Amino acid sequence: TPPPPPPPLLEPSAALHVLRLGNCGRCFGSRAVDSLVPFAARLEVLSLGGSYKLTDEGLARLLAASPRLHSLELRTNSRLGRAGLEAACRVPLLRSLSVDECGQLEEEDLGALLELAPERRPPRAAVLQRLSLAKLPHVTDGLAAELLRLLGAGLRDLSLAECPALTDDTAVAIRTHCRALQRLDVSGLPELSTEGLLGLFISAGDAGGGAGAPRGSPGAAAAGSVGALEAVNLARLPAATDDVVVEVARAFGPSLREAHLGSCTHVTGRGLMALVRHCAQTLEVLDASMVRSFSDEV
């Protein structure tokens, strides 16, 4: 006769609130989901990055058993598809979602995220506050604009890092629809222009023609503010110049705590000194790695 199964690690009543199983893909498939479902009722944070055996059906079963879940991380899950995203959108208290590096997701699949719009959610559902879509090759300007139109008002944290198809049109959409951001990551976007970045960050009073933003630029077309940014990531942006950093420092000096400028080859001491001048009382993290244009006089 086969040996009896081992006793469960947890009782179904266990107060398991946070579960992180990053890069446990080899052992996280349907059987693992079946084992976790009895313990999911109190889960609030679930991180399953790199779970390459996890199917949409398994994810849906786990999420259906997690009514208290407010944070879900699914980065680098190669089997994640539209059905899995639809299941995530049905989680009533979801406030944070990451699907970074799921390169198999087509634009049509990602369109499922439109169901996170407040008007499409149940009456007492939470408003999404954090959305991370980094390193997704099929995120287009059109999709980004529609997502931000529906979700932007509630977002506090947005990452579109290394989505290679995005252009200045997405910068306009961020400026137009995201008025309460605290963290923004637009690093590694090769199609963004300097004009587009200036239009994104230029202070409202200068939006019609401030430094570096001529009339007719994205900034002039979408006057306003993206919020009181506490963290901004411009790393690996060919379009990030001293003028852009100056506008970031001027616009967000009272609130900016993190500035990431790694490998911004067109930033010099002028941009750095603007951060020192405007953000000296708030800035806690400055990453200027591989910025080789600083001189020893800075």
Side-chain angles (χ1 to χ4, degrees), residues 16-25 28-30 32-34 36-37 39-140 143-144 146-161 163 185:
L16 186 64
H17 295 283
V18 177
L19 180 61
R20 294 189 174 96
L21 295 173
N23 296 323
C24 293
F28 198 83
S30 296
V33 169
D34 293 338
L36 277 176
V37 164
F39 312 114
R42 298 187 183 184
L43 276 180
E44 298 176 1
V45 177
L46 180 60
S47 177
L48 299 175
S51 298
Y52 58 83
K53 288 188 176 182
L54 181 62
T55 64
D56 284 347
E57 187 273 336
L59 177 63
R61 282 192 289 121
L62 183 55
L63 295 181
S66 309
R68 299 186 184 184
L69 195 70
H70 63 74
S71 179
L72 178 61
E73 197 247 311
L74 297 171
R75 66 182 302 135
T76 327
N77 280 340
S78 58
R79 295 193 182 186
L80 181 65
R82 184 180 179 93
L85 295 179
E86 290 173 343
C89 293
R90 291 193 293 270
V91 177
L93 300 183
L94 191 67
R95 297 196 297 271
S96 175
L97 177 63
S98 169
V99 293
D100 299 350
E101 299 183 73
C102 294
Q104 78 281 359
L105 292 173
E106 300 286 344
E107 183 177 7
E108 182 180 355
D109 301 324
L110 293 163
L113 298 178
L114 297 172
E115 296 304 312
L116 287 169
E119 59 267 32
R120 303 184 185 185
R121 302 262 281 163
R124 296 185 180 180
V127 173
L128 194 73
Q129 297 181 3
R130 176 180 179 270
L131 179 62
S132 187
L133 303 177
K135 299 185 180 181
L136 298 182
H138 302 296
V139 173
T140 64
L143 175 63
E146 187 65 6
L147 283 171
L148 297 177
R149 183 182 70 82
L150 295 173
L151 305 175
L155 289 178
R156 303 295 182 267
D157 186 333
L158 174 65
S159 175
L160 296 170
C163 292
D185 187 347

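Computed from a predicted structure; not experimentally measured.
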Note, [X] side chain near [Y] side chain (heavy atom, < 4.5 Å):
X: L85; Y: L105; result: yes
X: L147; Y: L110; result: no
X: Y52; Y: T76; result: no
X: R61; Y: S30; result: yes
X: D109; Y: H138; result: no

The test is side-chain contact (heavy atoms from CB on, under 4.5 Å); show your working for L148 and L155 and say whether it passes. CA-CA 9 Å; L148 297 177; L155 289 178; 4.0 Å; yes
Salt bridge (charged side-chain N to carboxylate O under 4.0 Å, His left out), that's the test. Do E44 and R68 meet it? Break it down for me. CA-CA 5 Å; E44 298 176 1; R68 299 186 184 184; 5.3 Å; no
Between [atom1] on residue [X] and [atom2] on residue [Y], distance to nearest 0.5 Å:
X: L62; Y: L69; atom1: CG; atom2: CG; result: 8.0 Å
X: L128; Y: L158; atom1: CG; atom2: CG; result: 10.0 Å
X: R95; Y: R130; atom1: CZ; atom2: CZ; result: 13.0 Å
X: S47; Y: L74; atom1: OG; atom2: CG; result: 8.5 Å
X: L136; Y: R75; atom1: CG; atom2: CZ; result: 10.0 Å
X: C163; Y: D185; atom1: SG; atom2: CG; result: 9.5 Å

For residues [X] and [Y], report the shortest heavy-atom separation together with the two atoms involved.
X: V139; Y: L143; answer: CA-CD2, 4.4 Å
X: L150; Y: R120; answer: CD1-NH2, 4.0 Å
X: Q104; Y: N77; answer: NE2-O, 2.8 Å
X: S132; Y: S159; answer: OG-CB, 3.5 Å
X: A134; Y: D100; answer: N-OD1, 3.0 Å
X: A41; Y: P67; answer: O-CD, 3.9 Å

Check for a donor-acceptor pair, side chain of [X] on one end and backbone N or O of [Y] on the other, with a separation under 3.5 Å.
X: R42; Y: L16; answer: no
X: R121; Y: V91; answer: yes
X: N23; Y: G50; answer: no

Testing L63, L21, L36 one by one against L46 for a side chain to side chain contact (heavy atoms under 4.5 Å, CB included), which residue passes?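 So, applying the side chain to side chain contact (heavy atoms under 4.5 Å, CB included) to L46 and each of L63, L21, L36, only L63 qualifies.
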Out of the candidates V45, L43, L94, only one should pair with H70 under the side chain to side chain contact (heavy atoms under 4.5 Å, CB included) rule; please name it.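 Only one of V45, L43, L94 forms a side chain to side chain contact (heavy atoms under 4.5 Å, CB included) with H70, namely V45.
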Checking E73 against S98: is there a side-chain donor and acceptor pair closer than 3.5 Å?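 No.
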More than 12 heavy atoms from other groups under 6.0 Å of CZ on R20: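 Incorrect, the count does not exceed 12.
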Before accepting this row, confirm whether a basic side-chain N of the pair R82/D56 lies closer than 4.0 Å to the acidic partner's carboxylate O.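 No, no charged N to carboxylate O under 4.0 Å.
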